[in-house]
A.B. asks: 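There's a structure below that I have some questions on.
Computed from a predicted model, the values in this text were never measured in an experiment.
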Amino acid sequence: MSKGKSNVIAGWEQKNPRALAVRALEKIQNGAYSNLQLNQIIKQSQLEERDIHLMTTMTYGVIQHRLTLEYWLHPFVADWKKLDAWVKELLYISLFQMEYLDKVPNHAIFDEAIAIAKRRGHDGTRKFVTGVLHAIDRQGVRAIDDITDPVQRLSIAASLPVWLIEELTAELGVEKATAIAGAINEAPAQSARVNLAVTTVAAATTALETEGFTVTPSKVVPEALLLHGGHVASSQAFQDGLVTLQDESAMLMAPSLQIEPGHHVLDAAAAPGGKTTQIATYLDATVGGRVEALDIHDHKIQLINQNAERLHVADRISARNLDARQVDEAFADEFFDRILVDAPCSGFGLLRRKPEIRYDKTMADSLSLQKIQLGILDSVADKLKVGGRLVYGTCTILSAENEDVVHQFVTTHPEFELVPTETAYELNALDEEGMLHMYPDDYDSDGFFIATLVKKATK
């Protein structure tokens, strides 16, 4: 219908949060990560803090509600396929504001959308956008409750693909699948882990409150804090290494390792180093405590080392570029006292933070990842000492990558025995085999899975 004038951010756009949201959504639709793309555009822009918040809200809002917005828009667009990508995104952000942002009046939404349509397109684009928005204003959007098929209705309401709704329903039941679908579009809280290697929860709380943060203790992990009122990564407490950003549920893996100060620990897929640095807080370099952190990307090894330095635990961390499936190249059998495998996964537990992944992945991706997960477990199994603990985890909520992987591993490695995953707080999250399942609706944290195994005997 119209061809945008340029893929480069124009000068007039740099102070326009709606125009920049359209640019961000175009890039994300082409495969860019939402958080990285937003950070890049914010750096290039001249937006004030209030407008940065609006642009971020609109960008994430459209990604989170894309199927819903598409369902509402389709009756007003005769030939959806002919629309340029940027025009679709402009209509999406306009409708998102109309339906989800109560404080933005329609006349402001229309004026901004029409101005962007005229400047990026031509007069025909302006007329088209004007007509669609005014028609929606007059007629209203169609009710989601009119959809008779319950799976399709939930898919549109939560903006989740049908296959994922069906899979969650089959695994967890209708009630739980509906609860998860209702939670994944809520904004995640800022969660920080107190670095117990250098401070205490009380001291870190005081430091953050002094900087103006509102601090709430976690109900999931004792060393986690929920923060409001600022950007944690810009705080002095973060720069000084008193805290680091990490989701509450991700902090649950390391404690179940039962690490002692002199242990040798393997973190088999370590980047960006959140769990590596958490493991390091239990270790003492003076008695030989050390964690070997592996990753297949050089730049991520640098990131692990940077985090280790900031958190003052570099003396007990050794990061190296190595695929965990090739540990035979570097370590002898029964070298490690503890092994943590935070496996590569589909990431469906992270939908609040990475909402775009719901549209890109399929069940086939999970089954493909299962092979990688099993490959890592198979490779590291011989490297664990008898009596040692192996903790396996993922940030997904699909059984194909979680309990299915653990069951297959135990079948082929009978020397390993499942034991209950240990938590400081009683979370009511363990299944009958002691594996931990955290869902986004349970504690408003990321979805996560953890299984703990003990090596009882050699083969």
Side-chain angles (χ1 to χ4, degrees), residues 13 15-25 28 34-35 38 41-42 45 47-77 86-117 129-147 153-160 178-190 214 216 226-231 351-356 358 440-441 444:
E13 293 176 282
K15 293 184 178 181
N16 188 315
R18 293 171 175 84
L20 290 176
V22 171
R23 290 286 186 189
L25 288 163
I28 293 163
S34 56
N35 57 336
L38 276 170
I41 285 184
I42 289 168
S45 75
L47 296 178
E48 297 179 356
E49 191 66 35
R50 180 184 63 182
D51 287 335
I52 289 174
H53 177 73
L54 176 60
M55 184 192 74
T56 302
T57 298
M58 289 187 294
T59 303
Y60 276 120
V62 168
I63 299 169
Q64 289 171 327
H65 299 284
R66 183 171 292 274
L67 297 183
T68 311
L69 296 169
E70 187 177 289
Y71 171 78
W72 283 336
L73 272 172
H74 263 265
F76 299 96
V77 179
W86 73 268
V87 179
K88 291 180 183 178
E89 302 305 337
L90 178 58
L91 291 173
Y92 281 143
I93 70 161
S94 302
L95 184 52
F96 171 77
Q97 293 170 84
M98 293 168 69
E99 295 296 322
Y100 293 100
L101 301 185
D102 296 337
K103 294 182 180 180
V104 183
N106 278 4
H107 69 82
I109 298 169
F110 293 177
D111 289 348
E112 288 287 344
I114 291 165
I116 293 168
V129 170
T130 302
V132 170
L133 295 181
H134 281 288
I136 294 172
D137 192 36
R138 287 192 308 271
Q139 300 174 35
V141 296
R142 54 183 174 171
I144 294 173
D145 287 344
D146 290 344
I147 302 172
R153 184 168 60 247
L154 184 56
S155 170
I156 296 299
S159 201
L160 289 173
T178 302
I180 292 171
I184 51 89
N185 290 326
E186 299 294 326
Q190 287 190 98
T214 301
T216 305
L226 303 180
L227 306 175
H228 303 274
H231 185 235
L351 285 174
R352 289 177 177 176
R353 300 178 194 280
K354 299 179 179 179
E356 65 272 19
R358 70 187 78 188
D441 62 309
D444 296 324

A.B. asks: So which atom in P355 and which in Y60 form the shortest heavy-atom distance, rounded to 0.1 Å?
C.D. replies: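 Heavy atoms only, the tightest pair is CG-CD2, 3.7 Å.
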A.B. asks: Shortest non-hydrogen contact from S34 to I63?
C.D. replies: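 The answer is CB-CD1, 3.9 Å.
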A.B. asks: To check you understand the geometry: which heavy-atom pair defines the closest contact between A181 and L154, and what is its length?
C.D. replies: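 Looking at all heavy atoms of both residues, the closest pair is CB-CD1, 3.8 Å.
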A.B. asks: Between L69, V62, T57, T59, which is the residue that forms a side chain to side chain contact (heavy atoms under 4.5 Å, CB included) with I93?
C.D. replies: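 Of the listed options, the one satisfying the test is V62.
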A.B. asks: How about L20 and D51: do any of their side-chain heavy atoms sit closer than 4.5 Å?
C.D. replies: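 No. Closest side-chain heavy atoms not under 4.5 Å.
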A.B. asks: Quick one: does any side-chain atom of Y71 pair with a main-chain N or O of A143 as donor and acceptor, under 3.5 Å?
C.D. replies: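 Yes, because the side chain of Y71 sits within donor-acceptor range (under 3.5 Å) of the backbone of A143.
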A.B. asks: Mark yes or no for whether Q190, through its side chain, and G230, through its backbone, hold a donor-acceptor pair below 3.5 Å.
C.D. replies: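 Yes; at least one donor-acceptor contact below 3.5 Å.
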A.B. asks: Quick check against the 3.5 Å criterion: does R358 have a side-chain atom that pairs as donor or acceptor with the backbone of S159?
C.D. replies: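 Confirmed, R358 side chain pairs with S159 backbone.
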A.B. asks: Compare every heavy atom of F96 with every heavy atom of H65, then report the nearest pair and how far apart it is.
C.D. replies: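 Residues H65 and F96, closest heavy atoms: CD2-CE1, 3.9 Å.
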A.B. asks: Side-chain contact, heavy-atom cut-off 4.5 Å: Y100 with M58?
C.D. replies: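 Of all side-chain heavy-atom pairs linking M58 with Y100, none is under 4.5 Å.
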A.B. asks: For A189, does its backbone N or O pair with a side-chain atom of R352 as donor and acceptor, under 3.5 Å?
C.D. replies: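 No, because the side chain of R352 does not come within donor-acceptor range (under 3.5 Å) of the backbone of A189.
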A.B. asks: Any chance CD of Q139 has more than 12 other-residue heavy atoms, nucleotides or ligands included, within less than 6.0 Å?
C.D. replies: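 More than 12 heavy atoms, drawn from other residues, nucleotides or ligands, come within 6.0 Å of this atom.
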A.B. asks: Is the shortest heavy-atom distance from the side chain of R23 to the side chain of M55 under 4.5 Å?
C.D. replies: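 Heavy-atom side-chain distance check fails, nothing below 4.5 Å.
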A.B. asks: Within a radius of less than 6.0 Å around CG of D146, do more than 12 heavy atoms belonging to other residues, nucleotides or ligands occur?
C.D. replies: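 Count over threshold, so yes.
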A.B. asks: Would you mind checking if R66 and E89 are paired as a salt bridge, meaning a charged N to carboxylate O distance below 4.0 Å?
C.D. replies: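 Between R66 and E89 there is a salt bridge, with a charged N closer than 4.0 Å to a carboxylate O.
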A.B. asks: Once you round to the nearest 0.5 Å, how far does CG of D111 lie from CD1 of I116?
C.D. replies: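 Answer rounded to 0.5 Å: 11.0 Å.
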A.B. asks: How far apart are the closest heavy atoms of I184 and A158, and which atoms are they?
C.D. replies: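 Closest approach of I184 to A158, heavy atoms only: CD1-O, 4.0 Å.
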A.B. asks: Which value, rounded to the nearest 0.5 Å, describes the distance between N106 atom CG and D137 atom CG?
C.D. replies: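 N106 atom CG to D137 atom CG measures 5.0 Å (nearest 0.5 Å).
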A.B. asks: Taking side chain as C-beta onward, heavy atoms only, is L95 less than 4.5 Å from W72?
C.D. replies: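 Sidechains of W72 and L95: in contact.
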A.B. asks: Looking at every heavy atom in both R153 and I147, which two are closest together, and how far apart are they?
C.D. replies: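 Nearest heavy atoms, R153 then I147: NH1-O, 2.6 Å.
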